[in-house]
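When reading the values below, keep in mind they use all heavy atoms of this one structure, side chains included, and skip hydrogens, waters and symmetry mates. Both counts, for ligands and for their atoms, begin at 1 and track the order of listing.
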Amino acid sequence: MLSVGHDVRILAIRVVWALGLLASALLLDERSVSGVRWHIAFQSVLASLSFFGLVRVTGATSSPYNAFFPFLPLILALGYPRDASAITISGLLCGLGAAGLQLADGHPWSKAVLWAGLTATTTLIGAYGSSQFRQALRAESEARLERGRREAMESLAISERRRAQSEKLATIGRLAAGVIHEINNPVAYIRANLDFLEREVLAHPHPSREELAEVFGETRAGLERVRQIIADLRGFSRMDAEGPTACSLADVVGDAVRIARLRLEHVARVEVEVPKELPPVLAVHRRLAQVLLNLLVNAGDALDGRVGSEVRVTGGREGSRVLLRVEDNGPGFPPEVLPRLFESFFTTKGPEKGTGLGLALSRELVEQFGGSLVAENREEGGARLRLEFPVYEGAE
Ligand code: ADP
């Protein structure tokens, strides 16, 4: 029969154990890594010592709890699988406790060693299991991180493409007046020619062959001009996710200038000196054309309404770099504007005309291809935008 004092001791051990658990849980700061470590270590020590006390007061080696010594480390490993200290501490304390009780109760050394060995074995099994669990957790969190990183990169690429696309559409919007004018002209004379043909063919059974040939030629040229404008704009506005390839700057400039003429035709004289033989650069052709078009349309805006306006695009090689310059003889950049040119949404043109994204986006695109874009004022007056790219070695 167990005495009252004995019951009180059991109760006291349980109360101390429970209070320890409660205090540690209340004081735990889950955001602090070392705080969590201390909490787990404390719980392991508290559980092992309380359990040892329980076994001791309920009959030591003959206690019904004694057989559970080897399993306490396993239980703690299940409770705290993320930290190896739980099983290490409880394994050590339970092994020592189980062996110590055997010796204290007068059992031979071999029995003490057997209990210590038993506890060590379950501790090792628990340690192995929890380390596997931690490894699986690590692998899962790495996979989650990698997935998150990939998703972030993909959504960044999509938003970059969208931004480039909306700036592109804004540029096309700025070209709209030029497009209407350029298409209106050939359409007007195609119509006049058709009227003439109708009149001539119906009125004269044998109209002049030379006159007819001239009218047909003119009509075809007009239609060709309209077709070219549509093809250029369609090509420019397409939104394909293309990878970089070896690009000829002469071709890129040629394409951009052809579209920019829609804006520049009646504003400035455009001169292009970009040798065909320049080494290629690694870039996305359409993106580079977008950059050039931005710079040319900006030049057109700066030159609008001035007389004797000129835009020059020149290219050359300097060592392992290829250079492009887009210059105009307009007003240039005022000193207070120059440091802010490449800021997103910085514009001096007012919200209806400018987006303030052209230069920021152009610099970003150029840098994506390993190049640089800088703006300066020319000594003789006017603006100069300098682009530099590394020569594409793969092509040499
Ligand atoms: P936006 O053209 O929509 O204003 P940008 O980023 O292309 O945006 O240009 C920013 C500012 O840089 C323009 O508002 C203008 O003040 C100035 N700028 C750009 N190109 C020229 C140029 N060739 N000459 C003078 N100022 C220019």
Side-chain angles (χ1 to χ4, degrees), residues 159-179 233 236-237 252-253 255-257 259-274 286-315 323-369 371-388:
S159 75
E160 269 183 2
R161 266 220 319 278
R162 288 215 179 110
R163 207 151 56 90
Q165 181 65 3
S166 48
E167 174 58 15
K168 203 188 257 187
L169 294 178
T171 309
I172 291 178
R174 278 150 80 175
L175 295 173
V179 174
L233 288 179
F236 178 68
S237 65
V252 171
V253 170
D255 284 356
V257 167
I259 304 177
R261 278 197 202 280
L262 294 168
R263 169 83 180 96
L264 294 172
E265 189 100 294
H266 305 286
V267 173
R269 204 164 64 82
V270 183
E271 214 177 287
V272 179
E273 282 170 36
V274 182
R286 222 189 298 266
R287 290 289 168 92
L288 271 197
Q290 181 177 359
V291 171
L292 262 296
L293 185 60
N294 270 336
L295 305 185
L296 292 166
V297 171
N298 272 347
D301 289 346
L303 295 170
D304 212 356
R306 296 167 74 98
V307 279
S309 295
E310 271 179 23
V311 178
R312 261 165 63 83
V313 186
T314 51
L323 310 184
L324 269 186
R325 284 178 217 90
V326 180
E327 318 179 28
D328 62 63
N329 60 352
F333 308 107
E336 69 281 6
V337 164
L338 202 51
R340 304 194 56 196
L341 281 181
F342 295 96
E343 272 175 31
S344 290
F345 305 111
F346 174 78
T347 179
T348 58
K349 297 175 188 169
E352 315 79 46
K353 210 163 171 224
T355 60
L357 283 175
L359 288 180
L361 199 79
S362 297
R363 177 176 268 181
E364 238 175 75
L365 288 174
V366 167
E367 285 176 355
Q368 267 175 22
F369 305 132
S372 63
L373 170 63
V374 289
E376 59 196 19
N377 281 315
R378 302 193 314 168
E379 273 162 25
E380 63 273 41
R384 179 186 293 128
L385 278 302
R386 285 197 307 122
L387 296 115
E388 268 191 52

Short list, please: which atoms of ligand 1 are under 4.0 Å from a heavy atom of [X]?
{"X": "Gly354", "result": "3 (O)"}
{"X": "Gly358", "result": "5 (P), 6 (O), 7 (O), 8 (O)"}
{"X": "Leu359", "result": "5 (P), 6 (O), 7 (O), 9 (O), 12 (O), 19 (C)"}
{"X": "Thr355", "result": "3 (O)"}
{"X": "Phe346", "result": "10 (C)"}
{"X": "Ala383", "result": "22 (C), 23 (N), 24 (N)"}
{"X": "Ala302", "result": "22 (C), 24 (N), 25 (C)"}
{"X": "Thr347", "result": "1 (P), 4 (O), 14 (O)"}

Is ligand 1 less than 4.0 angstrom away from at least one heavy atom of Gly332?
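So Gly332 counts as touching ligand 1.
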
Determine whether the side chain, the backbone, both or neither of Phe342 has a heavy atom under 4.0 Å from any heavy atom of ligand 1.
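No part of Phe342 comes within reach of ligand 1.
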
Residue part near ligand 1, for Asn294, under 4.0 Å between non-hydrogen atoms
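It is neither part, as no heavy atom is under 4.0 Å.
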
Heteroatom proximity flag, Gly356 to ligand 1, N/O under 3.5 Å
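Among all N and O atoms of Gly356, at least one is under 3.5 Å from an N or O of ligand 1.
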
Does an N or O from Asp328, backbone or side chain, lie closer than 3.5 Å to an N or O of ligand 1?
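By distance alone, the answer is yes.
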
Looking at non-hydrogen atoms alone, which of Thr348, Leu338, Val337 comes nearest to atom 14 (O) of ligand 1?
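Considering heavy atoms of Thr348, Leu338, Val337, the nearest to atom 14 (O) of ligand 1 sits in Thr348.
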
For atom 19 (C) of ligand 1, the option (of Val326, Leu295, Asn298) bearing the nearest heavy atom:
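When every heavy atom of Val326, Leu295, Asn298 is considered, Asn298 comes closest to atom 19 (C) of ligand 1.
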
Among protein heavy atoms, which lies nearest [atom], and at what distance?
{"atom": "atom 21 (C) of ligand 1", "result": "Phe333 CE2, 3.4 Å"}
{"atom": "atom 17 (C) of ligand 1", "result": "Leu341 CD2, 3.7 Å"}
{"atom": "atom 2 (O) of ligand 1", "result": "Lys349 NZ, 2.7 Å"}

Is the CZ atom of Arg378 crowded by more than 12 outside heavy atoms at less than 6.0 Å?
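Correct, the count exceeds 12.
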
State plainly whether the residues Arg325 and Glu327 are in salt-bridge range, i.e. N to O under 4.0 Å.
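Glu327 and Arg325: not salt-bridged.
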
Exercise: identify the closest heavy-atom pair between [X] and [Y]:
{"X": "Leu293", "Y": "Ala256", "result": "CD1-O, 3.7 Å"}
{"X": "Leu341", "Y": "Ala375", "result": "CD1-CB, 3.4 Å"}
{"X": "Glu376", "Y": "Phe333", "result": "O-CE1, 3.4 Å"}

Could you walk me through whether Arg286 and Asp255 pass the salt bridge (Lys or Arg N to Asp or Glu O under 4.0 Å) test, one step at a time?
CA-CA 9 Å; Arg286 222 189 298 266; Asp255 284 356; over 6 Å; no

Arg261 side chain to Leu264 backbone, donor-acceptor under 3.5 Å
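Between the backbone of Leu264 and the side chain of Arg261 there is no qualifying donor-acceptor contact (under 3.5 Å).
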
Would you compute the distance between atom CG of Leu365 and atom CG of Leu288 and round it to the nearest 0.5 angstrom?
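That separation rounds to 8.0 Å.
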
Find the distance between CG (Leu295) and CG (Leu373) and round it off to the nearest 0.5 Å.
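Separation between the atoms: 6.0 Å.
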
Taking atom types as modelled, is there a side-chain donor on Glu167 or Thr355 under 3.5 Å from an acceptor on the other?
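Side chains of Glu167 and Thr355: pair found under 3.5 Å.
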
Does Arg340 count as lying over the ring of Phe346, i.e. NZ or CZ under 6.0 Å from the six-ring centre, within 45 degrees of the axis?
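That pair does not qualify as a cation-pi contact.
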
